[in-house]
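First the proteins, then the strands, lettered A, B, ... as listed; each starts at 1. What's counted below: heavy atoms across the whole structure, side chains too, no hydrogens, waters or symmetry copies.
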Amino acid sequence: MTTNVFDELTWRGMVYDATPGCDGMLATEKVACYIGFDPSAKSLHMGQLIPIALLARMQRYGHTPIAIAGGGTGMIGDPRPTAERQLLSKETVEENVLGIRAQLERFLDFKAKNNPAKLINNADWLFKLGLIDFLRDTGKQFTVNYMLDKESVKARLGREAGVSFTEFSYMLLQAYDYLQLYRGHGCRLQMGGSDQWGNILAGVDLIKKVAATTNQAGAVTGYSHGEPHALVHPLLTTASGEKFGKSEGNALWLDRSMTSPYRFYQYWFNVDDRDVVTYLKWFTLLDRPEIEGLEEAVRTEPANREAQKRLAREVTIAAHGQDGLDEAERVTAAFFGGELARLGASDIEDVLGDAPSGHVPRSALQGGMSFDRFAVAAGLCVSNAEARRLIDQGGAYLNDARILDPRQAVTVEHLIDGRIVILRRGVKTYRLVQITG
RNA sequence: GCAGGGGUGGGUGAGUGGUUAAAACCGACAGACUGUAAAUCUGUUGCCUGACGGCUACGUAGGUUCGAAUCCUACCCCCUGCACCA
(Lines give C-alpha, C1' and ligand atoms only; values in the text may rest on other atoms or scores of the structure.)
Protein backbone atom coordinates (compact mmCIF):
# COMPACT_ATOMS: atom_id res chain seq x y z
CA MET A 1 0.00 0.00 0.00
CA THR A 2 1.39 3.32 -1.00
CA THR A 3 1.37 6.18 1.38
CA ASN A 4 -1.53 8.15 0.03
CA VAL A 5 -4.65 7.58 -2.01
CA PHE A 6 -3.65 9.77 -4.85
CA ASP A 7 -0.55 7.75 -5.65
CA GLU A 8 -2.55 4.61 -5.16
CA LEU A 9 -5.24 5.74 -7.56
CA THR A 10 -2.65 6.85 -10.04
CA TRP A 11 -1.01 3.45 -9.99
CA ARG A 12 -4.39 1.85 -10.47
CA GLY A 13 -4.99 3.99 -13.52
CA MET A 14 -8.03 5.64 -12.02
CA VAL A 15 -6.97 9.25 -12.29
CA TYR A 16 -7.96 10.90 -15.53
CA ASP A 17 -7.73 14.43 -14.30
CA ALA A 18 -7.60 16.34 -11.05
CA THR A 19 -7.39 19.94 -9.97
CA PRO A 20 -3.91 21.25 -9.17
CA GLY A 21 -3.11 20.64 -5.54
CA CYS A 22 -5.52 17.77 -5.20
CA ASP A 23 -2.69 15.29 -4.78
CA GLY A 24 -1.06 17.39 -2.11
CA MET A 25 -4.27 17.73 -0.16
CA LEU A 26 -4.92 14.01 -0.20
CA ALA A 27 -1.39 13.27 0.89
CA THR A 28 -1.33 15.60 3.84
CA GLU A 29 -4.89 15.94 5.09
CA LYS A 30 -7.89 13.78 5.83
CA VAL A 31 -10.82 15.21 3.99
CA ALA A 32 -14.41 14.46 3.18
CA CYS A 33 -15.12 13.62 -0.43
CA TYR A 34 -18.24 12.80 -2.35
CA ILE A 35 -19.71 11.22 -5.42
CA GLY A 36 -23.29 11.47 -6.58
CA PHE A 37 -25.36 8.46 -7.56
CA ASP A 38 -28.12 9.00 -10.03
CA PRO A 39 -31.31 7.23 -8.96
CA SER A 40 -32.53 6.42 -12.45
CA ALA A 41 -33.22 2.81 -11.52
CA LYS A 42 -34.04 0.96 -8.35
CA SER A 43 -30.66 -0.72 -8.38
CA LEU A 44 -27.16 0.45 -9.08
CA HIS A 45 -25.58 -1.14 -12.11
CA MET A 46 -22.17 -2.55 -12.56
CA GLY A 47 -20.80 0.64 -14.04
CA GLN A 48 -21.48 2.37 -10.75
CA LEU A 49 -19.06 0.04 -9.05
CA ILE A 50 -16.41 2.45 -10.21
CA PRO A 51 -17.51 5.37 -8.04
CA ILE A 52 -18.19 2.93 -5.24
CA ALA A 53 -14.66 1.60 -5.50
CA LEU A 54 -13.30 5.12 -5.39
CA LEU A 55 -15.20 5.99 -2.26
CA ALA A 56 -14.22 2.75 -0.59
CA ARG A 57 -10.59 3.40 -1.32
CA MET A 58 -10.78 6.92 0.03
CA GLN A 59 -12.21 5.54 3.21
CA ARG A 60 -9.40 3.03 3.58
CA TYR A 61 -6.96 5.89 3.53
CA GLY A 62 -8.74 7.68 6.28
CA HIS A 63 -10.83 10.10 4.27
CA THR A 64 -14.54 10.39 4.82
CA PRO A 65 -16.64 9.17 1.90
CA ILE A 66 -19.98 10.76 1.25
CA ALA A 67 -22.37 9.13 -1.17
CA ILE A 68 -25.03 11.43 -2.47
CA ALA A 69 -28.26 9.81 -3.51
CA GLY A 70 -29.56 12.17 -6.11
CA GLY A 71 -33.14 12.32 -4.93
CA GLY A 72 -33.27 15.95 -5.96
CA THR A 73 -31.10 16.02 -9.07
CA GLY A 74 -32.76 12.79 -10.17
CA MET A 75 -35.95 14.81 -10.59
CA ILE A 76 -34.20 16.83 -13.30
CA GLY A 77 -31.68 14.61 -15.09
CA ASP A 78 -28.22 15.36 -16.44
CA PRO A 79 -28.56 16.20 -20.14
CA ARG A 80 -27.53 13.44 -22.51
CA PRO A 81 -25.97 14.48 -25.83
CA THR A 82 -28.78 12.88 -27.81
CA ALA A 83 -32.18 13.56 -26.38
CA GLU A 84 -34.23 14.91 -23.55
CA ARG A 85 -34.81 12.54 -20.68
CA GLN A 86 -38.13 11.24 -19.58
CA LEU A 87 -38.90 12.75 -16.21
CA LEU A 88 -39.31 10.24 -13.41
CA SER A 89 -42.12 10.65 -10.93
CA LYS A 90 -41.29 11.72 -7.43
CA GLU A 91 -42.43 8.36 -6.12
CA THR A 92 -40.15 6.49 -8.51
CA VAL A 93 -37.17 8.58 -7.56
CA GLU A 94 -37.86 8.04 -3.88
CA GLU A 95 -38.18 4.34 -4.40
CA ASN A 96 -34.97 4.23 -6.38
CA VAL A 97 -33.13 6.17 -3.73
CA LEU A 98 -34.15 3.60 -1.14
CA GLY A 99 -32.90 0.76 -3.29
CA ILE A 100 -29.59 2.45 -3.93
CA ARG A 101 -29.14 3.32 -0.31
CA ALA A 102 -29.42 -0.33 0.71
CA GLN A 103 -26.79 -1.31 -1.84
CA LEU A 104 -24.29 1.35 -0.91
CA GLU A 105 -24.43 0.24 2.67
CA ARG A 106 -22.74 -2.98 1.70
CA PHE A 107 -19.69 -1.32 0.24
CA LEU A 108 -18.96 1.47 2.64
CA ASP A 109 -18.35 1.36 6.34
CA PHE A 110 -20.91 3.51 8.08
CA LYS A 111 -19.68 2.60 11.52
CA ALA A 112 -16.01 3.38 11.19
CA LYS A 113 -14.74 5.07 14.27
CA ASN A 114 -12.97 8.05 12.81
CA ASN A 115 -14.32 8.40 9.34
CA PRO A 116 -17.70 6.72 8.97
CA ALA A 117 -19.20 6.93 5.52
CA LYS A 118 -22.22 9.14 5.06
CA LEU A 119 -25.16 8.76 2.79
CA ILE A 120 -27.03 11.93 2.06
CA ASN A 121 -30.00 12.65 -0.14
CA ASN A 122 -29.72 15.95 -1.94
CA ALA A 123 -33.51 16.16 -1.95
CA ASP A 124 -32.98 17.31 1.64
CA TRP A 125 -31.93 20.72 0.44
CA LEU A 126 -32.91 20.88 -3.20
CA PHE A 127 -36.61 20.46 -2.48
CA LYS A 128 -36.52 23.32 -0.05
CA LEU A 129 -34.63 25.58 -2.35
CA GLY A 130 -36.56 28.68 -3.30
CA LEU A 131 -36.37 29.68 -6.92
CA ILE A 132 -35.68 33.33 -6.33
CA ASP A 133 -33.00 32.66 -3.73
CA PHE A 134 -31.42 30.12 -6.01
CA LEU A 135 -31.34 32.45 -8.97
CA ARG A 136 -29.91 35.26 -6.91
CA ASP A 137 -27.35 33.30 -4.93
CA THR A 138 -26.25 30.57 -7.28
CA GLY A 139 -27.47 31.56 -10.71
CA LYS A 140 -25.75 34.89 -10.53
CA GLN A 141 -22.40 33.16 -10.15
CA PHE A 142 -22.56 31.57 -13.57
CA THR A 143 -22.76 33.00 -17.00
CA VAL A 144 -24.80 31.17 -19.56
CA ASN A 145 -21.70 31.30 -21.75
CA TYR A 146 -19.92 29.13 -19.22
CA MET A 147 -22.77 26.68 -19.09
CA LEU A 148 -23.02 26.45 -22.85
CA ASP A 149 -19.49 25.19 -22.96
CA LYS A 150 -20.51 21.80 -21.66
CA GLU A 151 -20.25 19.11 -24.33
CA SER A 152 -23.63 17.53 -23.77
CA VAL A 153 -25.27 20.92 -23.91
CA LYS A 154 -23.38 21.90 -27.05
CA ALA A 155 -24.48 18.72 -28.73
CA ARG A 156 -28.06 19.47 -27.89
CA LEU A 157 -27.88 23.05 -29.08
CA GLY A 158 -26.97 21.78 -32.51
CA ARG A 159 -30.28 20.03 -32.73
CA GLU A 160 -33.59 21.48 -33.54
CA ALA A 161 -35.21 19.86 -30.54
CA GLY A 162 -32.73 21.71 -28.37
CA VAL A 163 -32.40 21.23 -24.66
CA SER A 164 -35.01 22.11 -22.09
CA PHE A 165 -34.29 24.80 -19.56
CA THR A 166 -34.79 22.10 -16.96
CA GLU A 167 -31.90 19.97 -18.08
CA PHE A 168 -29.80 22.96 -18.94
CA SER A 169 -30.01 23.93 -15.29
CA TYR A 170 -28.75 20.60 -14.07
CA MET A 171 -25.17 21.74 -13.84
CA LEU A 172 -26.10 24.46 -11.35
CA LEU A 173 -27.89 22.02 -9.12
CA GLN A 174 -24.87 19.76 -9.02
CA ALA A 175 -22.66 22.74 -8.26
CA TYR A 176 -25.04 23.72 -5.50
CA ASP A 177 -24.80 20.23 -4.03
CA TYR A 178 -21.08 20.53 -3.76
CA LEU A 179 -21.44 23.89 -2.06
CA GLN A 180 -23.90 22.46 0.44
CA LEU A 181 -21.55 19.61 1.29
CA TYR A 182 -18.64 21.95 1.52
CA ARG A 183 -20.44 24.14 3.99
CA GLY A 184 -22.24 21.45 5.92
CA HIS A 185 -19.65 18.69 5.92
CA GLY A 186 -16.42 20.37 5.01
CA CYS A 187 -16.39 18.28 1.87
CA ARG A 188 -13.44 19.30 -0.29
CA LEU A 189 -13.36 16.80 -3.07
CA GLN A 190 -15.90 15.73 -5.61
CA MET A 191 -15.16 12.77 -7.82
CA GLY A 192 -16.83 11.16 -10.81
CA GLY A 193 -16.30 9.99 -14.35
CA SER A 194 -14.42 12.19 -16.77
CA ASP A 195 -17.74 13.09 -18.37
CA GLN A 196 -18.59 14.84 -15.10
CA TRP A 197 -15.55 17.08 -15.15
CA GLY A 198 -17.50 20.13 -16.25
CA ASN A 199 -20.22 19.71 -13.66
CA ILE A 200 -17.70 19.13 -10.93
CA LEU A 201 -15.63 22.15 -11.83
CA ALA A 202 -18.78 24.23 -11.77
CA GLY A 203 -19.09 23.26 -8.13
CA VAL A 204 -15.48 24.06 -7.46
CA ASP A 205 -15.90 27.45 -9.06
CA LEU A 206 -19.07 28.18 -7.15
CA ILE A 207 -17.44 27.38 -3.85
CA LYS A 208 -14.45 29.51 -4.68
CA LYS A 209 -16.67 32.45 -5.48
CA VAL A 210 -18.87 32.12 -2.46
CA ALA A 211 -16.46 30.90 0.18
CA ALA A 212 -13.33 32.87 -0.54
CA THR A 213 -11.70 34.76 2.27
CA THR A 214 -9.92 37.94 1.36
CA ASN A 215 -7.46 40.29 2.93
CA GLN A 216 -7.79 44.01 3.33
CA ALA A 217 -6.72 44.64 -0.21
CA GLY A 218 -9.39 42.29 -1.54
CA ALA A 219 -7.04 39.54 -2.65
CA VAL A 220 -8.11 35.95 -2.06
CA THR A 221 -6.21 34.47 0.83
CA GLY A 222 -8.04 31.18 1.21
CA TYR A 223 -11.42 29.56 1.60
CA SER A 224 -13.58 29.15 4.65
CA HIS A 225 -13.25 25.37 4.71
CA GLY A 226 -10.13 24.96 2.60
CA GLU A 227 -9.68 24.80 -1.13
CA PRO A 228 -12.18 22.58 -2.98
CA HIS A 229 -10.95 20.01 -5.49
CA ALA A 230 -12.08 17.71 -8.25
CA LEU A 231 -10.86 14.33 -9.39
CA VAL A 232 -12.24 12.25 -12.23
CA HIS A 233 -11.57 8.75 -13.44
CA PRO A 234 -11.30 7.62 -17.07
CA LEU A 235 -14.40 6.12 -18.64
CA LEU A 236 -13.90 2.41 -18.75
CA THR A 237 -14.42 0.40 -21.91
CA THR A 238 -13.63 -3.22 -22.62
CA ALA A 239 -10.78 -4.32 -24.86
CA SER A 240 -13.29 -5.09 -27.56
CA GLY A 241 -14.60 -1.55 -27.35
CA GLU A 242 -17.84 -2.13 -25.49
CA LYS A 243 -19.11 -0.25 -22.54
CA PHE A 244 -17.96 -1.85 -19.37
CA GLY A 245 -20.55 -3.77 -17.37
CA LYS A 246 -22.88 -4.73 -20.15
CA SER A 247 -23.70 -8.21 -21.26
CA GLU A 248 -25.46 -8.73 -24.55
CA GLY A 249 -26.10 -5.04 -24.56
CA ASN A 250 -27.91 -5.12 -21.23
CA ALA A 251 -26.67 -3.58 -18.05
CA LEU A 252 -25.81 -5.90 -15.22
CA TRP A 253 -27.21 -4.90 -11.86
CA LEU A 254 -26.12 -5.18 -8.29
CA ASP A 255 -29.56 -6.27 -7.17
CA ARG A 256 -29.59 -10.04 -7.06
CA SER A 257 -33.17 -10.23 -8.18
CA MET A 258 -32.21 -8.37 -11.36
CA THR A 259 -28.85 -10.03 -11.97
CA SER A 260 -28.19 -13.23 -10.10
CA PRO A 261 -24.92 -13.68 -8.24
CA TYR A 262 -24.19 -16.46 -10.69
CA ARG A 263 -24.46 -14.19 -13.72
CA PHE A 264 -22.60 -11.47 -11.92
CA TYR A 265 -19.79 -13.88 -11.13
CA GLN A 266 -19.74 -15.18 -14.68
CA TYR A 267 -19.32 -11.69 -16.08
CA TRP A 268 -16.10 -11.21 -14.17
CA PHE A 269 -14.98 -14.74 -14.77
CA ASN A 270 -15.22 -14.21 -18.50
CA VAL A 271 -13.32 -10.96 -18.63
CA ASP A 272 -10.88 -10.67 -21.50
CA ASP A 273 -7.22 -11.31 -20.62
CA ARG A 274 -6.47 -7.81 -21.82
CA ASP A 275 -8.86 -6.28 -19.30
CA VAL A 276 -8.43 -8.43 -16.26
CA VAL A 277 -5.49 -6.63 -14.70
CA THR A 278 -7.15 -3.27 -15.11
CA TYR A 279 -10.26 -4.59 -13.43
CA LEU A 280 -8.28 -6.05 -10.58
CA LYS A 281 -6.77 -2.66 -10.03
CA TRP A 282 -10.06 -0.84 -10.22
CA PHE A 283 -12.43 -3.11 -8.42
CA THR A 284 -10.50 -5.08 -5.86
CA LEU A 285 -8.60 -4.15 -2.76
CA LEU A 286 -5.76 -6.52 -3.61
CA ASP A 287 -2.41 -4.87 -3.10
CA ARG A 288 0.22 -4.21 -5.66
CA PRO A 289 2.40 -7.32 -5.23
CA GLU A 290 -0.65 -9.54 -5.42
CA ILE A 291 -1.95 -7.90 -8.56
CA GLU A 292 1.46 -8.04 -10.16
CA GLY A 293 1.59 -11.72 -9.34
CA LEU A 294 -1.73 -12.26 -11.08
CA GLU A 295 -0.56 -10.18 -14.00
CA GLU A 296 2.37 -12.53 -14.32
CA ALA A 297 0.01 -15.48 -14.16
CA VAL A 298 -2.02 -14.10 -17.05
CA ARG A 299 1.15 -13.85 -19.06
CA THR A 300 2.60 -17.26 -18.31
CA GLU A 301 -0.40 -19.44 -17.67
CA PRO A 302 -3.42 -17.76 -19.15
CA ALA A 303 -5.33 -21.01 -19.41
CA ASN A 304 -5.57 -21.27 -15.66
CA ARG A 305 -7.53 -18.04 -15.50
CA GLU A 306 -6.15 -17.38 -12.12
CA ALA A 307 -6.65 -13.65 -12.44
CA GLN A 308 -10.23 -13.93 -13.66
CA LYS A 309 -11.12 -16.36 -10.90
CA ARG A 310 -9.68 -14.11 -8.29
CA LEU A 311 -11.38 -11.08 -9.76
CA ALA A 312 -14.73 -12.83 -9.84
CA ARG A 313 -14.35 -14.02 -6.26
CA GLU A 314 -13.34 -10.65 -4.90
CA VAL A 315 -16.00 -8.64 -6.61
CA THR A 316 -18.80 -11.11 -6.08
CA ILE A 317 -18.09 -11.34 -2.40
CA ALA A 318 -18.09 -7.57 -2.15
CA ALA A 319 -21.39 -7.25 -3.94
CA HIS A 320 -23.25 -10.32 -2.72
CA GLY A 321 -21.39 -11.48 0.35
CA GLN A 322 -20.00 -14.90 1.11
CA ASP A 323 -23.41 -16.48 0.51
CA GLY A 324 -23.65 -14.97 -2.92
CA LEU A 325 -20.19 -16.13 -3.83
CA ASP A 326 -20.83 -19.65 -2.57
CA GLU A 327 -23.97 -19.80 -4.59
CA ALA A 328 -22.29 -18.51 -7.72
CA GLU A 329 -19.45 -20.99 -7.38
CA ARG A 330 -21.80 -23.89 -6.73
CA VAL A 331 -23.81 -23.13 -9.84
CA THR A 332 -20.64 -22.68 -11.85
CA ALA A 333 -19.21 -25.98 -10.64
CA ALA A 334 -22.45 -27.78 -11.41
CA PHE A 335 -22.76 -26.37 -14.91
CA PHE A 336 -19.17 -26.46 -15.96
CA GLY A 337 -17.91 -29.33 -13.86
CA GLY A 338 -19.66 -31.86 -16.03
CA GLU A 339 -21.37 -33.60 -13.16
CA LEU A 340 -24.93 -32.53 -13.68
CA ALA A 341 -25.96 -36.01 -14.66
CA ARG A 342 -24.84 -37.42 -11.37
CA LEU A 343 -26.80 -35.01 -9.27
CA GLY A 344 -30.34 -35.60 -8.14
CA ALA A 345 -33.11 -33.08 -8.54
CA SER A 346 -32.97 -31.77 -5.04
CA ASP A 347 -29.24 -31.26 -5.26
CA ILE A 348 -29.68 -29.47 -8.52
CA GLU A 349 -32.48 -27.33 -7.19
CA ASP A 350 -30.40 -26.57 -4.21
CA VAL A 351 -27.46 -25.52 -6.24
CA LEU A 352 -29.28 -23.94 -9.13
CA GLY A 353 -32.11 -22.28 -7.32
CA ASP A 354 -30.66 -19.09 -8.60
CA ALA A 355 -29.86 -20.07 -12.16
CA PRO A 356 -31.88 -18.77 -15.08
CA SER A 357 -34.95 -20.95 -15.12
CA GLY A 358 -38.13 -21.70 -16.98
CA HIS A 359 -41.30 -23.58 -16.22
CA VAL A 360 -43.24 -26.07 -18.27
CA PRO A 361 -46.44 -27.74 -17.12
CA ARG A 362 -46.24 -31.48 -16.65
CA SER A 363 -49.31 -32.04 -18.76
CA ALA A 364 -47.42 -30.82 -21.82
CA LEU A 365 -45.01 -33.70 -21.55
CA GLN A 366 -47.52 -36.50 -21.05
CA GLY A 367 -47.72 -37.36 -24.72
CA GLY A 368 -44.20 -36.16 -25.45
CA MET A 369 -43.34 -32.71 -26.73
CA SER A 370 -40.99 -32.07 -29.61
CA PHE A 371 -37.68 -30.67 -28.50
CA ASP A 372 -37.88 -27.47 -30.51
CA ARG A 373 -41.18 -26.54 -28.94
CA PHE A 374 -39.96 -27.51 -25.55
CA ALA A 375 -36.96 -25.22 -25.95
CA VAL A 376 -39.30 -22.33 -26.69
CA ALA A 377 -41.73 -23.18 -23.89
CA ALA A 378 -38.83 -23.28 -21.46
CA GLY A 379 -37.50 -19.96 -22.64
CA LEU A 380 -34.25 -21.22 -24.13
CA CYS A 381 -35.22 -19.88 -27.54
CA VAL A 382 -37.60 -17.13 -28.52
CA SER A 383 -39.15 -18.77 -31.56
CA ASN A 384 -39.53 -22.18 -33.11
CA ALA A 385 -37.42 -21.05 -36.02
CA GLU A 386 -34.61 -20.07 -33.71
CA ALA A 387 -34.87 -23.37 -31.87
CA ARG A 388 -34.63 -25.36 -35.08
CA ARG A 389 -31.70 -23.29 -36.22
CA LEU A 390 -29.92 -23.90 -32.97
CA ILE A 391 -30.54 -27.62 -33.20
CA ASP A 392 -29.39 -27.75 -36.81
CA GLN A 393 -26.18 -26.09 -35.80
CA GLY A 394 -25.55 -28.59 -33.08
CA GLY A 395 -25.77 -26.16 -30.22
CA ALA A 396 -28.70 -27.59 -28.29
CA TYR A 397 -28.46 -29.91 -25.34
CA LEU A 398 -30.96 -31.74 -23.18
CA ASN A 399 -29.48 -32.87 -19.87
CA ASP A 400 -26.03 -32.51 -21.37
CA ALA A 401 -26.79 -34.67 -24.39
CA ARG A 402 -26.66 -32.95 -27.76
CA ILE A 403 -29.97 -32.96 -29.61
CA LEU A 404 -29.83 -33.06 -33.39
CA ASP A 405 -33.44 -33.74 -34.29
CA PRO A 406 -35.90 -30.91 -33.66
CA ARG A 407 -38.69 -33.44 -33.42
CA GLN A 408 -36.97 -35.53 -30.83
CA ALA A 409 -39.62 -35.97 -28.15
CA VAL A 410 -39.13 -34.70 -24.64
CA THR A 411 -41.11 -36.89 -22.30
CA VAL A 412 -41.43 -37.61 -18.64
CA GLU A 413 -38.60 -40.08 -19.21
CA HIS A 414 -36.19 -37.20 -19.44
CA LEU A 415 -37.08 -35.70 -16.12
CA ILE A 416 -34.50 -35.85 -13.43
CA ASP A 417 -36.28 -37.19 -10.38
CA GLY A 418 -39.50 -36.47 -12.13
CA ARG A 419 -39.41 -32.71 -11.97
CA ILE A 420 -36.40 -31.10 -13.58
CA VAL A 421 -34.72 -30.85 -16.93
CA ILE A 422 -31.56 -28.98 -17.85
CA LEU A 423 -31.32 -27.25 -21.19
CA ARG A 424 -28.22 -25.72 -22.63
CA ARG A 425 -27.34 -23.74 -25.71
CA GLY A 426 -23.79 -23.50 -26.83
CA VAL A 427 -21.05 -23.70 -24.28
CA LYS A 428 -22.24 -21.53 -21.50
CA THR A 429 -25.90 -20.76 -21.57
CA TYR A 430 -27.74 -23.06 -19.22
CA ARG A 431 -31.36 -23.10 -18.29
CA LEU A 432 -33.00 -24.99 -15.50
CA VAL A 433 -36.50 -26.11 -16.42
CA GLN A 434 -38.91 -26.94 -13.67
CA ILE A 435 -41.83 -29.15 -14.54
CA THR A 436 -44.81 -27.89 -12.67
CA GLY A 437 -48.21 -29.29 -11.86
C1' G B 1 -41.29 30.37 -40.69
C1' C B 2 -38.83 29.59 -45.79
C1' A B 3 -35.74 26.38 -48.79
C1' G B 4 -33.27 21.78 -49.48
C1' G B 5 -32.09 16.70 -47.80
C1' G B 6 -33.75 12.42 -45.25
C1' G B 7 -36.66 8.46 -42.29
C1' U B 8 -35.05 0.81 -44.81
C1' G B 9 -34.15 -5.28 -40.79
C1' G B 10 -30.33 -4.84 -33.58
C1' G B 11 -26.66 -0.76 -35.82
C1' U B 12 -24.30 1.75 -40.18
C1' G B 13 -26.20 1.79 -44.94
C1' A B 14 -27.38 0.10 -50.47
C1' G B 15 -31.67 -0.27 -53.17
C1' U B 16 -35.85 4.34 -56.80
C1' G B 17 -42.11 -0.04 -59.93
C1' G B 18 -41.65 -6.65 -60.68
C1' U B 19 -35.81 -11.38 -60.72
C1' U B 20 -36.06 -7.81 -53.01
C1' A B 21 -37.28 -11.13 -46.85
C1' A B 22 -34.52 -6.66 -49.11
C1' A B 23 -26.81 -5.86 -51.12
C1' A B 24 -22.59 -4.86 -48.07
C1' C B 25 -20.43 -4.15 -43.47
C1' C B 26 -20.92 -4.48 -38.09
C1' G B 27 -23.23 -6.83 -34.25
C1' A B 28 -25.60 -11.25 -32.49
C1' C B 29 -26.14 -16.73 -32.31
C1' A B 30 -24.04 -21.64 -33.25
C1' G B 31 -19.92 -24.96 -34.94
C1' A B 32 -14.48 -25.93 -35.36
C1' C B 33 -10.03 -24.52 -32.66
C1' U B 34 -9.34 -23.36 -27.32
C1' G B 35 -8.76 -21.60 -21.72
C1' U B 36 -16.26 -20.91 -19.96
C1' A B 37 -10.45 -16.22 -23.21
C1' A B 38 -8.81 -13.55 -27.67
C1' A B 39 -7.85 -14.06 -32.73
C1' U B 40 -9.16 -17.00 -36.91
C1' C B 41 -12.16 -20.05 -40.06
C1' U B 42 -17.31 -22.00 -41.22
C1' G B 43 -22.51 -21.63 -40.93
C1' U B 44 -26.92 -19.02 -39.39
C1' U B 45 -29.30 -14.43 -38.54
C1' G B 46 -38.24 -11.70 -39.75
C1' C B 47 -42.35 -15.27 -38.39
C1' C B 48 -45.23 -20.00 -39.29
C1' U B 49 -43.82 -24.86 -41.74
C1' G B 50 -40.18 -31.44 -41.58
C1' A B 51 -40.30 -29.62 -46.43
C1' C B 52 -43.16 -27.40 -50.71
C1' G B 53 -45.29 -23.12 -49.50
C1' G B 54 -47.48 -19.14 -46.78
C1' C B 55 -47.57 -14.62 -43.82
C1' U B 56 -45.81 -9.95 -42.02
C1' A B 57 -42.11 -6.01 -43.02
C1' C B 58 -38.76 -0.59 -45.57
C1' G B 59 -41.71 6.69 -40.43
C1' U B 60 -47.70 6.90 -40.13
C1' A B 61 -52.33 6.94 -42.87
C1' G B 62 -54.48 6.78 -47.42
C1' G B 63 -54.13 6.45 -52.98
C1' U B 64 -52.30 5.00 -58.15
C1' U B 65 -50.94 0.15 -60.36
C1' C B 66 -51.90 -6.63 -62.46
C1' G B 67 -47.72 -5.53 -59.05
C1' A B 68 -44.70 -0.45 -54.61
C1' A B 69 -39.41 -0.02 -49.98
C1' U B 70 -39.52 2.20 -54.83
C1' C B 71 -44.86 6.72 -57.91
C1' C B 72 -48.86 10.34 -55.74
C1' U B 73 -51.36 12.89 -51.35
C1' A B 74 -51.63 14.19 -46.26
C1' C B 75 -49.49 13.87 -41.56
C1' C B 76 -45.39 12.94 -37.94
C1' C B 77 -40.19 13.05 -36.92
C1' C B 78 -34.92 14.08 -38.00
C1' C B 79 -30.91 16.74 -40.50
C1' U B 80 -28.72 21.00 -43.34
C1' G B 81 -28.85 26.17 -44.90
C1' C B 82 -31.43 30.96 -44.44
C1' A B 83 -34.55 34.16 -41.77
C1' C B 84 -36.58 35.56 -36.92
C1' C B 85 -35.24 36.14 -31.74
C1' A B 86 -30.31 39.84 -31.35
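- Residues A:Q408 and A:S370 have side chains that never bring a donor and an acceptor to within less than 3.5 angstrom of each other.
- Along RNA chain B, the nucleotide nearest A:T429 and the nucleotide nearest A:V382 are compared for position; the residue whose nucleotide lies closer to the 5' end is A:T429.
- B:A37: no Watson-Crick or G-U partner with both key distances under 3.5 Å is found in any strand.
- The gap from the C1' atom of B:G9 to that of B:C2 amounts to 36 Å, rounded to the nearest Å.
- B:C2 and B:G81 make up a base pair, with Watson-Crick or G-U wobble contacts both under 3.5 Å.
- Across all strands shown, B:C55 pairs with B:G46; the Watson-Crick or G-U wobble distances both stay below 3.5 Å.
- The base-pairing partner of B:G18, taking Watson-Crick or G-U wobble contacts with both distances under 3.5 Å, is B:C66.
- Checking A:Y34 against A:D177 by side-chain atom types alone, no donor-acceptor pair falls below 3.5 Å.
- Comparing the P positions of B:G15 and B:G6 gives a spacing of 11 Å, expressed to the nearest Å.
- When each of A:L294, A:L280, A:V276 is tested with A:Q308 by the rule side-chain contact (heavy atoms from CB on, under 4.5 Å), just one qualifies, namely A:V276.
- Heavy atoms of A:R299 sit nowhere under 4.0 angstrom from any nucleic acid atom.
- Judged by distance alone, the side chains of A:D275 and A:T238 never bring a donor and an acceptor atom under 3.5 Å apart.
- A:Q190 and A:Y178 share no side-chain donor-acceptor pair at under 3.5 Å.
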Got a list of protein N/O to nucleotides 35-39 of chain B N/O distances below 3.5 Å?
| residue | atom | partner | partner atom | Å |
| --- | --- | --- | --- | --- |
| B:G35 | O6 | A:D273 | OD2 | 3.2 |
| B:G35 | N1 | A:D273 | OD1 | 3.3 |
| B:G35 | N1 | A:D273 | OD2 | 2.7 |
| B:G35 | N2 | A:D273 | OD1 | 2.8 |
| B:U36 | O2' | A:N270 | OD1 | 2.3 |
| B:U36 | O2 | A:Q266 | OE1 | 2.9 |
| B:U36 | O2 | A:N270 | ND2 | 3.3 |
| B:U36 | N3 | A:Q266 | OE1 | 3.1 |
| B:U36 | N3 | A:Q266 | NE2 | 3.3 |
| B:A37 | OP1 | A:K428 | NZ | 3.3 |
| B:A37 | O4' | A:R305 | NH2 | 2.6 |

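- Between A:F283 and A:F244, the ring-plane angle classifies as parallel under the 30° and 60° cut-offs.
- The pair A:E306-A:R310 fails the salt-bridge criterion, with no side-chain N (NZ, NE, NH1 or NH2) lying under 4.0 Å from an Asp/Glu carboxylate O.
- When the P atom is compared between B:G81 and B:A86, the two are found 22 Å apart, to the nearest whole Å.
- Between A:S383 and A:Y397, the residue anchored nearer the 5' end of RNA chain B, judged by the nucleotide with its closest heavy atom, is A:Y397.
- Note: CG (A:N384) to P (B:G54) measures 20 Å, nearest angstrom.
- Remark: the separation of the P atoms in B:G46 and B:C25 is 15 Å, to the nearest Å.
- Near RNA chain B, defined here as any heavy-atom distance below 4.0 Å, the residues from residues 386-394 of chain A are A:R388, A:R389, A:L390, A:Q393, A:G394, listed numerically.
- Using a 4.0 Å cutoff on non-hydrogen atoms, the parts of residues 404-411 of chain A near RNA chain B are A:R407, ordered by number.
- Looking only at atom types and distance, the side chain of A:E8 has a donor-acceptor partner in the side chain of A:Y61 under 3.5 Å away.
- Using a 4.0 Å heavy-atom cutoff across all strands shown, A:R424 reaches no nucleic acid atom at all.
- Searching all strands for a Watson-Crick or G-U wobble partner of B:G9 with both distances below 3.5 Å returns nothing.
- Contact check for A:F107 versus A:L55: no side-chain heavy atoms found under the 4.5 Å cut-off.
- On the P atoms, B:G27 is 15 Å away from B:G11, given to the nearest whole Å.
- In summary, the side chains of A:N199 and A:K150 do present a donor paired with an acceptor at a separation below 3.5 Å, with no hydrogens or angles considered.
- Ring orientation note: the planes of A:F335 and A:Y430 are close to parallel, at an angle under 30° on the 30°/60° scale.
- Using a 3.5 Å distance cut-off with no hydrogens or angles, the side chains of A:T332 and A:Q266 do pair a donor with an acceptor.
- Of all nucleotides present, only B:U60 satisfies the Watson-Crick or G-U wobble test against B:A74, with each distance under 3.5 Å.
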